[in-house]
Asks: 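If you scroll down you'll find the structure; I have some questions about it.
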Number of protein chains: 2
Amino acid sequence: MHQILIYEDNERLRNSLELLLKGMPNMNVVGGFGNCDKVIEQVKNLSPTVILMDIDMPGEGGIIGVEKVKRHFPEVFVLMFTVFDDDERLMACLRSGANGYLLKKTSPLQIIDAIENVASGGAPMTPEIARRVLETFKVERKIPSDLGLTPREMQVLELLIKGHTYKMIAHDFSISVETVRSHLKNIYEKMHVNNGNEAVAKALRMRLFE
Amino acid sequence: MHQILIYEDNERLRNSLELLLKGMPNMNVVGGFGNCDKVIEQVKNLSPTVILMDIDMPGEGGIIGVEKVKRHFPEVFVLMFTVFDDDERLMACLRSGANGYLLKKTSPLQIIDAIENVASGGAPMTPEIARRVLETFKVERKIPSDLGLTPREMQVLELLIKGHTYKMIAHDFSISVETVRSHLKNIYEKMHVNNGNEAVAKALRMRLFE
DNA sequence: CTATCAATAGCACTTTTGGGGGATAACGGA
DNA sequence: TCCGTTATCCCCCAAAAGTGCTATTGATAG
């Protein structure tokens, strides 16, 4: 028997959902609210196994909601349920540990399906959502853009990132500090930055080093 | 009409798949092979719209296969199809741009479904696969490591990462350079680093900023 | 009420960095 | 052979950064 808690500010929709789920033999709706302001307390009292969570609600929305729930009750399954499908929110929810992500145009049958699914450890999402998740996978591993740094410059930059001073770098390579200086000057110019901090940040963001 | 190309080393299974797909009115199997050794050439000649790709094959397996295909023909949809479900391979495929990921225990009906789905831009995956993808999302954002930096210190560090000098930071916040200095001193101590470069590197690696 | 902490600020002093000039030797391709 | 690139080195000099102290204020937790 799935104990279901619903967060959805549109009352009509919330009631429809309740009706739909109550019609199922193995589902029990333990509550429904219009925002997540008291989500911790409510989850503690109602002990749901699955939460249907809208994203856009007045007061505390679903993104804060899923974060809170997952931090305090990681064992409760949270299914996001929204009309909004921008990547920002999607990613925010997934990072917070949402167990699934449905668009509101999902059919009632699929919603039932998704609840069963998430309760048995799956992660239901529409193929469209899945596609976007995969997209970010690809872009996160973007190509190491070539700045035209020479091998030596890369070595120097690497040590700079480690926090070594010019003097230490010079010592490491048994070259003069002046040479290190020259390399750094060239590095900064090639990277279009004005100081070490910026170069370090840019290098790491470009994943020149890990 | 979907033009389908199959890579699967088990001949019996490959033939079953061909039969299954040929039975559909809108699917045409343009070829089937037992390894990916000549995948580029084959794709060029056969012009598939969707590729069903097994992972474990003698010679060049599906992981190399999907990489090659996606590099040379990014518009072709690649659906991974495998008994193996270890995370390593899964992630390798997804990073290379696979459009979906099915386990072999998937029913024929679902396979048909998945092909339709991937061809219309979705990313079919079993809820189980989806769950694992979400897992890695969470772990990738690991260590909420709390360094105990105060809000102000975070702001200062953020600007440092942007390459601002102490003077610029002071100006940005309308505070004295001495104060910026103080903050940085505290930041370096809390982070156990000795200079800005190291702090920037550490902050970015800890994903304090993105 | 007090102790702690965050944020602010100052000063003295040293070291490091960055920007501007150079220069030379070695190597490799056009 | 000549030119471009790489790696090396030098000088000057001003600006920036880093270290070690102290100190005041306001908010907050106990």
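Just so it is clear: chains get the letters A, B, ... in the order the sequence lines come, proteins before strands, and each one is counted from 1.
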Asks: Less than 4.5 Å apart, any side-chain heavy atom of A:Lys38 and any of A:Phe33?
Replies: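 A side-chain contact is absent here, since even the closest heavy-atom pair is not under 4.5 Å.
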Asks: Verify the distance criterion only: is there a donor paired with an acceptor across the side chains of B:Lys70 and B:Asn99 at less than 3.5 Å?
Replies: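 Per modelled atom types, B:Lys70 and B:Asn99 side chains form a pair under 3.5 Å.
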Asks: Given D:dA16, C:dG19, D:dT19, identify the nucleotide with an atom nearest to the side chain of B:Lys185.
Replies: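 The answer is D:dT19.
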Asks: So what does B:Asn186 touch, heavy atoms closer than 4.0 Å: a base, only the sugar-phosphate, or nothing?
Replies: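 Nothing, no heavy atom under 4.0 Å.
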Asks: Which of the following nucleotides, D:dA17, D:dC10, C:dT8, is nearest to the side chain of B:Tyr166?
Replies: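 Closest nucleotide among those given: D:dA17.
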Asks: From the options C:dC11, C:dA9, D:dA16, select the nucleotide whose nearest atom is closest to the side chain of B:Ile175.
Replies: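 Out of C:dC11, C:dA9, D:dA16, the nucleotide with an atom closest to B:Ile175's side chain is C:dA9.
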Asks: Determine the contact category for A:Lys167: base if any of its heavy atoms lies under 4.0 Å from a base atom, sugar-phosphate if only primed atoms, P, OP1 or OP2 are that close, otherwise nothing.
Replies: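 Result for A:Lys167 = sugar-phosphate.
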Asks: Nearest to the side chain of B:Glu178, heavy atoms from C-beta on, is which of C:dA9, D:dT8, C:dT8?
Replies: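 Within the option list, the nearest is C:dA9.
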Asks: Could you check B:Thr179 against A:Leu184 and say which one's nearest nucleotide on DNA chain C is further toward the 5' end?
Replies: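 Here B:Thr179 is the residue nearer the 5' end.
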Asks: Just compare D:dT6, D:dA16, C:dT8 and give me whichever is closest to any side-chain atom of B:Thr165.
Replies: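 Shortest atom-to-atom distance from the side chain points to D:dA16.
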Asks: DNA chain D: B:His164 or A:Thr150, which has the more 5' nearest nucleotide?
Replies: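 Nearest-nucleotide comparison on DNA chain D picks A:Thr150.
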Asks: Under a 4.0 Å threshold between the charged nitrogen and the carboxylate oxygen, would A:Glu210 count as salt-bridged to B:Arg205?
Replies: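 Looking at B:Arg205 and A:Glu210, the cut-off is not met.
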Asks: Just to be sure I understand the rule, does B:Ser176 reach a base, reach only the sugar-phosphate, or reach nothing, if contact means heavy atoms closer than 4.0 Å?
Replies: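 The residue B:Ser176 makes sugar-phosphate contact but no base contact.
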